[in-house]
Amino acid sequence: MKRVAIAVAAVLLLGAGVAAAATVAPPKGPVSISLPGDAGMAFKPGPGVGAAQASCLTCHSSAYVSTQPVLSRAQWTAEVVKMRTAYGAPITDAQVPPIVDYLTAQYGKP
Amino acid sequence: MRKIGRRRFLAGSVAALGASALPARALADSVQLPFANGERPLLAFPQKRPLLVLSPRPPQLETPFAVFDQGVYTPNDAFFVRWHLSNIPQHVDASAHRIAVTGEVNTPLSLSLADLAALPQVEITAVNQCSGNGRGLSAPRVAGGQWDNGAMGNALWTGVRLRDVLDRAGLKATAKQVQFDGLEGPVLPTTPDFRKSLDVDKARGDDILIAYAMNGVPLPLLNGFPVRLIVPGWYSTYWVKMLSAITVLDHVDDNFWMKTAYRIPDTPDNSVMPGATGFPTVPINRMRVRSFATNVVDGAKIDVKLQELRGIAFDGGSGIKRVEVSLDGGTTWRDAALGPDVGKYSFRRWSASLQTRAGQTYTIAVRATANDGATQPATQGWNPSGYLRNVVEMYKVAVG
């Protein structure tokens, strides 16, 4: 509550074109938050969804996939390759085709 | 779809996610951004008001654009959020936090926040903008975080000069770059940790800060509590959050996030033909000049009684010299009035009188020119990562 009041005061001062007071002490003590996690998000159902769930949700939410523009098979292939080579996703050669098929069918164009 | 989404967005009301028989309370609010797959839930994360969720894990949260109409400073609880790796501490003790300074230095240091308090305090107002701000509008579109233009914000940052910290450690003659690491980490050890580097001369500049306050209060945890690097005029990829290690290198940093990611074509305007390959690249750096109208929305109706157009402009640190507006899509221009100057790295507010006729449609355009002479292009150059967007913004409006 106090923090909010200080913030409002600082912004009001600045809005009036007055420089803020010179001293702001560095923070002390802990701050804790609780992130909501994937909050009810899921991959679209379809053939191969299990493979995508097993390989593509370790490091980030499914929103990384679902918010992309409609990508071609070549572009989805490049994304899966990038996850392996650049980010070290543990995906075997045999797992790549079913995942690319799934992504192209549900989030892409042939 | 687009018009409705944007109009609802400005009005501050929201569209329901999906049609279903669920009770209204169970439906999440959402916003439709002006591109395909642009539906975003509006959710309040810790220490934040409801923002547009691009991803919950790691959190990527976009500021609703109407916020930029409300003042030159972006409130902390509305400030956009962008993390790369999902292993983000959710409990951070400022009193226990340390910044390690090692590498090509005479005296390695482990600094507490109390140690920082002993150095001269500096404050600076600066825009923090994601390299990919506006990526969702790239044509042709590219893979990556699909932001509209709300991955930016302007704040008063308070802290100490990085140079004062480096001087306390004492740089060796071999020092070439300074690398920054924060508490954010990868989920799997095979993913490269997120680290960014600046040349020594850049790092020793007057305006590079280690900031412990944002708009006069501690940073929200999701914006980097307890300390983050501030690199005014440069894209936010360098503004490392939860700063915990400063390593002075005797070589040009070759880690993934410098050598492979966040690169722009090394061509005259940093653009290439879509699909081009094999061109040289350099690390992204200084921000391009941009301007926006903040009280009109593309595709929306305006009231004939609206007599003022207003907005914001900024660049990579030379400051804004001029803002012009057009009502005919950029054929004729006239000068807008600039608001108070709160610093060369800040948003600069502008306004212009507006007279319209009922029943007419107008294409409003806004163009800023910076003190270094740079201005905004009429057409946007393309690059494979959708960086550096700064095309003249257009707003088609119908007068109701």
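A note on names: the letters A, B, ... follow the listed sequences, proteins ahead of strands, and every chain is numbered from 1. All values below come from the heavy atoms of this structure, side chains included, with hydrogens, waters and symmetry mates left out.
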### Query
At a heavy-atom separation under 4.5 Å, does A213(B) approach chain A through its side chain, its backbone, both, or neither?
side chain
### Query
Under a 4.5 Å cut-off applied to non-hydrogen side-chain atoms, are T67(A) and L54(B) in contact?
yes
### Task
Find the one option among A36(B), A143(B), P226(B) whose heavy-atom pairs under 4.5 Å with chain A are most numerous.
A143(B)
### Task
Heavy atoms only, distances under 4.5 angstrom: which of G144(B), P59(B), G38(B) has the most pairs with chain A? Name it, please.
G144(B)
### Message
For V227(B), which atoms come within 4.5 Å of any heavy atom of chain A: side chain, backbone, both, or neither?
### Response
neither
### Task
Look at V70(A), L71(A), T58(A) and state which one has the largest set of heavy-atom pairs under 4.5 Å with chain B.
T58(A)
### Message
Is it the case that the side chains of R141(B) and Q146(B) hold a donor-acceptor pair, with the cut-off being a distance below 3.5 Å and no angle test?
### Response
yes
### Query
Ion pair present between D341(B) and R349(B), side-chain N to carboxylate O less than 4.0 angstrom?
no
### Message
Any donor-acceptor pair under 3.5 Å linking the side-chain atoms of S86(B) with those of H60(A)?
### Response
no
### Toward chain B, the part of A78(A) with a non-hydrogen atom under 4.5 Å
neither
### Query
Which bit of P89(B) is near chain A, if near means a heavy-atom gap under 4.5 Å: side chain, backbone, both or neither?
neither
#### Entry: Side-chain heavy atoms of R228(B) within contact of Y212(B), under 4.5 Å
no
### Query
Where does W83(B) contact chain A at under 4.5 Å (heavy atoms): side chain, backbone, both or neither?
backbone
### Query
When you look at Y87(A) and F256(B), which way does the ring pair (Phe, Tyr, Trp, His ring centres under 6.0 Å) test go after all the steps?
CA-CA 9 Å; Y87(A) 300 131; F256(B) 173 82; 5.4 Å; yes
### Message
Quick check on S66(A) against chain B: is it the side chain, the backbone, both or neither that has a heavy atom closer than 4.5 Å?
### Response
backbone
### Query
Checking L113(B) against chain A: side chain, backbone, both or neither under 4.5 Å from a heavy atom?
both
### Heavy-atom pair count under 4.5 Å with chain B, highest-scoring of G88(A), A63(A), P36(A), S61(A)
S61(A)
### Summary
When the 4.5 angstrom heavy-atom criterion is applied to M83(A) and chain B, the contacting part is neither
### Task
Determine, using ring centers only, whether Y262(B) and H84(B) are less than 6.0 Å apart.
yes
### Query
Does the side chain of V67(B) reach to within under 4.5 Å of the side chain of R49(B), using non-hydrogen atoms?
yes
